[in-house]
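See structure below.
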Number of protein chains: 2
Amino acid sequence: MTAKRRRPTLQDVADRVGVTKMTVSRYLKHPEQVSSALRETIQQALDELGYIPNKVPDILSSAKSHAIGLLVPSLTNQVFAEMIRGFESVVEPAGYQTMLAHYGYSQSAEEARIATLLGYSVDGLILSESFHTERVRRMIKIAGVPVIELMDSVSPAIEQAIGFDNTAAAYAMTELMIERGHRNTVYFAARMDVRTRLKILGYERAMRRHGLEPFSLQTEEASSFTRGALLLRQALVRRPNLDGIFCTNDDLAIGAFYECQRLGIPVPQQIGIAGFHGHDIAAAMVPRLATVVTPREEVGRLAAENLLARLRGEPVGRPVIDLPFRLEAGESLRPAS
Amino acid sequence: MTAKRRRPTLQDVADRVGVTKMTVSRYLKHPEQVSSALRETIQQALDELGYIPNKVPDILSSAKSHAIGLLVPSLTNQVFAEMIRGFESVVEPAGYQTMLAHYGYSQSAEEARIATLLGYSVDGLILSESFHTERVRRMIKIAGVPVIELMDSVSPAIEQAIGFDNTAAAYAMTELMIERGHRNTVYFAARMDVRTRLKILGYERAMRRHGLEPFSLQTEEASSFTRGALLLRQALVRRPNLDGIFCTNDDLAIGAFYECQRLGIPVPQQIGIAGFHGHDIAAAMVPRLATVVTPREEVGRLAAENLLARLRGEPVGRPVIDLPFRLEAGESLRPAS
DNA sequence: AAACGTCCTGTTACGCGTAACATCTTACCG
DNA sequence: CGGTAAGATGTTACGCGTAACAGGACGTTT
């Protein structure tokens, strides 16, 4: 019977045709260099054996894998899912494979993932933070692969950052809330990553600028609808007369909104609510949620384009690519006076 | 100056220490086999050079990559994001790397992704469908890697399927709706994949069983909140006197719900609404959404455990692992009489 | 002191696709 | 018909970590 047969190699195909594996290899990469008589025979042998191209030997000798490592803190956070979609829409047609890894907002996990990805010889890296351990920076320098950092537009820690200005965005939304008469607001934050800190900064600056006292509620837990509800109840205890909630993302905002509905608090009359990112649901719900619409899919696309350019040998472009955000007032803030 | 230096290899480390690369390799894999005097020197050399382990040569000679290919149709669909989370929670601590790929519900794209993943020598594959092209089945057979198919509990096309019974789940929810007095219902389907078809089947069976006429509205577009709103308007035109909506997922259901709210249609008095999957938001919204709670994270975990067992050499377990689902009546159906 | 064991390090060979170069055939030119 | 070019195929070497085996140094046993 068939003993445990191993996956066919180029040599197996070549033997069947009666040529060397080099000829078969050429047929696969540069068919025009092979005589038309052989082409048919080789194709037939490939089909019969079911040859599956093996990239590993080439990766070993060329140290190029045609794979790009993409590191995100979390996959359940929709923002990153949409960023990934943008990224892949460019990278996949270009013939590159994405190696996705996530590190759960932990710097040591990020370090380990990067080492693993570099162990597979990825040609480039996309990171979702601009703060890294010393070892991460060193590894990347030694590996010599191009790196792009996403979702912030602060100065890049390594080479190039693509994102939007979280601080300015939060500042702008806070001002809109104030303008609409929500002056005694609370900021809801979850999972204190860098971006959240930048947003809080923008919120606080805008509040102070208008002579108001900023107040933020933070939790280490991941954000979710239920978390938003919880924070709302806490906020009402600590600031009973609050008239506005600005959330670090739409999930918290929607959770808070429903909790208001349950408690019979009219939105936006008594409390105005604003979210961040502008997911599909923000525009679908009643009332439409006020939110900062961020260009996350665009961030992914641009990251891919810039990285591919680097892999083609082009130099690093602008070190910071700052994309515009957009304020959506929705119906969860009081109407403009 | 430093000419373009390449990433250090084991040989570079060995040269610096004055041993052969075999000794350094041993230090990394079996440190107890190296004299304690050398250990320090080697570690120092590793640190100084910033050696990053290279997995590629070993993948080449062992044909084992310690990576598992995970194929999902879409990353923006939350169901898969949560399944992935369950999968990684098992696979990552076990020291395996996940290579994620998505194929946008296209069979030819699935074929291409599988070839790519096998080209990287993945040790196993997780697929999110149970229907595949002949070539896919052949490739997998030739590659000889273990494969698990997810999210259905129909008989596996290849070796083993892990999931839940979509047809039974849809049947059960349809019966619940009928029991609650929603008899003139419409099924909302988007993106007609296999699972959607199985659900429609369950819906139709339950309706017919009770002497009712099933009616389903389908679209090829991806589901979304806005899509749910759209479908609701279409349904009202085609079935003006409908009294219930059963959606293939929570997104459509929520979109339909908000559209009812906009149109002034009372839910659940005039129209009852049910979703599928039981995402966080279903329990958070007001009214709580009736939905089928599916064990998607558990599916991911079990898939990982079963695949790892296979990689340890254990035989295929039960060919079909059928996990239970749960009906959540919420507040978007009329109360039990 | 011969025989054997233990501990440590070195040597050799291997995996497989491809770039670079070598070789052979055939064709066409003056 | 020698010479050269073009076209097709073969040969060689390489990438780098590791399993398997070999060998040297030292200690212990009888």
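Naming: A, B, ... by sequence-line order, numbering from 1 per chain.
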(message) For C:dC16 and A:Tyr51 - does any side-chain N or O of the residue sit under 4.0 Å from the phosphate oxygens OP1/OP2?
(response) no
(request) Nearest whole angstrom, please: distance from the P of D:dG17 to the NE2 of B:His30. (result) 15 Å
(request) Give the nucleotide from the list D:dG17, C:dC16, D:dA19 with an atom nearest to the side chain of A:Pro57. (result) C:dC16
(request) Measure the distance from CD on A:Gln11 to P on C:dT18 and round it to the nearest whole Å. (result) 13 Å
(message) Any carboxylate oxygen within less than 4.0 angstrom of a Lys/Arg side-chain nitrogen, looking at A:Arg113 and B:Glu92?
(response) yes
(message) Which residue is it: B:Asp58, B:Leu60, B:Asn54? I am looking for the one with a side chain to side chain contact (heavy atoms under 4.5 Å, CB included) to B:Val56.
(response) B:Asn54
(message) Pick the closest DNA chain C nucleotide for B:Gln33 and for B:Ser61 by heavy atoms, then say which residue is nearer the 5' end.
(response) B:Gln33
(request) Select one nucleotide: of C:dG15, D:dT9, C:dC16, the one nearest the side-chain heavy atoms of A:Val34. (result) D:dT9
(request) Counting heavy atoms from C-beta on, name the nucleotide in C:dT9, D:dT18, D:dC16 closest to the side chain of B:Arg26. (result) C:dT9
(request) Check the distance between D:dT12's C1' and A:Lys21's NZ and give it to me in whole angstrom. (result) 11 Å
(request) Check whether any side-chain heavy atom of A:Val122 sits under 4.5 Å from a side-chain heavy atom of A:Ile68, and report yes or no. (result) no
(request) Measure from the side-chain heavy atoms of B:Leu60 and tell me the nearest of C:dT9, C:dC16, D:dT9. (result) C:dC16
(request) Considering just the side-chain nitrogens and oxygens of A:Lys29, establish if one lies under 4.0 Å of OP1 or OP2 belonging to C:dT18. (result) yes
(message) Taking the minimum atom-to-atom distance to the side chain of A:Leu10, which one of C:dT9, C:dG17, D:dT9 wins?
(response) C:dG17
(request) Starting at atom CZ of B:Arg39, determine the distance to atom C1' of C:dC7, rounded to an integer number of angstrom. (result) 12 Å
(message) Can you measure A:Asn54 atom CG to C:dG17 atom P for me and round it to whole angstrom units?
(response) 5 Å
(request) May I ask you to verify if any side-chain N or O of B:Thr23 is less than 4.0 angstrom from the OP1 or OP2 atom of C:dG10? (result) yes
(message) Heavy atoms only, 4.0 Å cut-off, all strands: where does A:Val56 land among base, sugar-phosphate and nothing?
(response) nothing
(request) List in chain and number order the residues that pass side-chain contact (heavy atoms from CB on, under 4.5 Å) with A:Arg191, two or more places apart in sequence or in another chain; answer none if no residue qualifies. (result) A:Tyr105, A:Ala222
(request) Rounded off to whole Å, could you give me the CZ-to-P distance for the B:Arg7 and D:dC16 pair? (result) 9 Å
(message) Categorize A:Leu38 for me: base, sugar-phosphate, or nothing, with a 4.0 angstrom heavy-atom threshold over every strand shown.
(response) sugar-phosphate
(message) So that I can tick it off, tell me whether B:Arg6 and B:Asp12 are bridged by a salt bridge, with the cut-off set at under 4.0 angstrom between side-chain N and carboxylate O.
(response) yes
(message) Output the rounded distance in Å from CD1 (A:Ile59) to C1' (D:dG15).
(response) 12 Å
(message) What is the distance, to the nearest angstrom, from the CG atom on A:Asp15 to the C1' atom on C:dC16?
(response) 13 Å
(request) Looking only at side-chain atoms of A:Ser35, point me to the closest of C:dT18, C:dG17, D:dT9. (result) D:dT9
